[in-house]
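The sequence lines fix the lettering, A, B, ..., with proteins before strands; numbering per chain opens at 1.
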Protein chains: 2
Amino acid sequence: MAGRGSYAKGLAKREEILRSALEVFSRQGYRGTSLRELAKAVNLSQAGILHYFDSKEQLFAEILRKRDELDGARYAETDEAAHALVAVMRHNAEVPGLVQLYANISAAATEADHPAHDYFVRRYDGMRRMFADSIRTQQTAGQFPAELDADMIATVMIATADGMQVQWMLDPERDMSDHLEYLWSLLSGIHQPDRRPSESAQ
Amino acid sequence: MAGRGSYAKGLAKREEILRSALEVFSRQGYRGTSLRELAKAVNLSQAGILHYFDSKEQLFAEILRKRDELDGARYAETDEAAHALVAVMRHNAEVPGLVQLYANISAAATEADHPAHDYFVRRYDGMRRMFADSIRTQQTAGQFPAELDADMIATVMIATADGMQVQWMLDPERDMSDHLEYLWSLLSGIHQPDRRPSESAQ
DNA sequence: GTCTATAAGTCGATAGAC
DNA sequence: GTCTATCGACTTATAGAC
């Protein structure tokens with residue numbers, strides 16, 4: 001069952017490259033990074049990396065998947081999606097290179113035939129659904145205005161998070177999580193002006 | 001004063017290239033476009049284009065500047081920034097290639113030494129200021145909740161617009177301007193729950 | 001002012017030694 | 001499993017003919 005050992009070792013090395021790459025990007029940023037640069041950073045030759053990954057784009061897509069996985073694990077205990085998003089944003093401010101990598105790849109993956117296109121489509125779909133579900137739960141619990149459209153709010157919150165990252169990178173003084181938290185607090189505090197406390201109005 | 005004619009002609013040709021490129025991008029999109037492709041599309045050789053623009057990046061930055069100029073002219077009559085933004089979004093849905101170009105270049109310009117970095121820093125700064133001013137005007141006129149932070153709202157609205165573009169490109173069914181309009185209507189409808197109509201409370 | 005031709009470089013990917 | 005070496009494609013930018 002343990003195989004010839006090489007399989008498990010290969011997987012471990014893959015993982016190591018992924019983590020290494022993730023850390024390298026966090027620190028020194030994504031500057032249209034070539035495989036050669038990345039290889040140097042993880043102490044391997046360019047050919048060495050391609051022994052583990054089929055292509056550059058596949059590697060990049062997996063780096064982002066890995067990031068999502070780590071973020072997901074880190075904030076798994078948070079049941080409120082909005083708070084988790086704010087927490088992720090606060091964390092992102094510590095890893096500017098990753099934010100940059102993400103912005104660049106998500107823009108590129110916009111093209112229909114980009115290798116990571118499907119991944120991003122599914123990713124946003126999943127995030128929206130998760131977020132909207134969390135909102136609906138809060139709504140039934142009376143912790144969030146029931147008249148707001150959960151799907152649209154989820155979409156807008158995620159869009160704001162993405163957009164804030166660009167503005168933050170261009171102006172690091174601006175606090176991403178503050179803005180997101182402010183928006184969420186405003187939405188949470190909304191109450192319908194045209195409905196009376198009593199149901200017997202009119 | 002008219003010079004030898006060549007100066008004015010050169011400017012006109014520059015303008016023509018810019019407009020052509022803008023239209024090409026609107027239609028067929030930005031696929032890591034090379035100068036050669038773009039040259040072919042505007043009926044010029046690659047070297048011919050570089051006769052008018054110093055480099056590829058400079059050309060791309062000027063294309064976006066041109067777009068801003070046209071958008072600005074088109075919605076100049078709108079005094080409410082939010083409505084102008086919604087209108088621009090509605091227009092953007094007709095020019096997916098441009099939206100893609102914008103997403104890619106703004107992500108790339110995030111890098112401090114990118115040729116268009118300063119342009120984007122100034123652009124966002126200007127947009128935020130303009131938007132916030134418009135909000136403050138509405139606030140004094142009593143047309144927007146006075147207790148909301150104009151600068152933060154402006155920032156968030158712009159961020160939402162940017163983020164919606166990515167989600168729309170990955171899922172064209174989603175209507176960017178609808179989401180933006182919805183968010184704006186929610187914010188506009190906020191009224192403070194803890195302030196009484198009368199000033200003499202407490 | 002616009003072209004062809006090409007310089008000079010980088011990239012991802014592959015082949016093959018070890 | 002990791003390397004060196006190299007291929008071939010493609011890039012921007014330049015030189016120089018017309």
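Rounded to whole Å, atom C1' of dT2(D) lies 8 Å from atom NE2 of His51(A).
Looking only at distances, a side-chain donor or acceptor of Gln167(A) sits under 3.5 Å from a matching main-chain atom of Thr155(B). Under the 3.5 Å distance criterion, the side-chain polar atoms of Arg14(A) are matched with a main-chain donor or acceptor of Tyr52(A). Side chain of His179(B) to main chain of Asp175(B): a donor-acceptor pair is present (N/O by atom type, distance under 3.5 Å, no hydrogens or angles). Ser26(B) contributes a side-chain N or O that, together with a main-chain N or O of Leu22(B), makes up a donor-acceptor pair within less than 3.5 Å. Side chain of Tyr182(B) to backbone of Val156(A): no donor-acceptor contact under 3.5 angstrom is found. When atom types are taken as modelled, the side chain of Gln100(B) and the backbone of Met169(B) share no donor-acceptor pair closer than 3.5 angstrom.
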Using a cut-off of 4.0 Å between protein heavy atoms and nucleotide atoms, how would you tag nucleotides 5-18 of chain C 5' to 3' with B, S and -? -B----BBBBB---
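Near DNA chain C, meaning a heavy atom under 4.0 Å from it, residues 101-119 of chain A has no residue at all.
Checking dT4(D), dT2(C), dG1(D) against the side-chain heavy atoms of Tyr52(B) singles out dT2(C) as nearest.
A cation-pi arrangement is not found for Lys56(A) relative to Phe53(A), the charged atom failing to lie both closer than 6.0 Å to the ring centre and inside a 45° cone about the ring normal.
Using bins of under 30°, 30° to 60° and over 60° for the plane-to-plane angle, the ring pair Tyr102(A)/Phe120(A) lands in the tilted bin.
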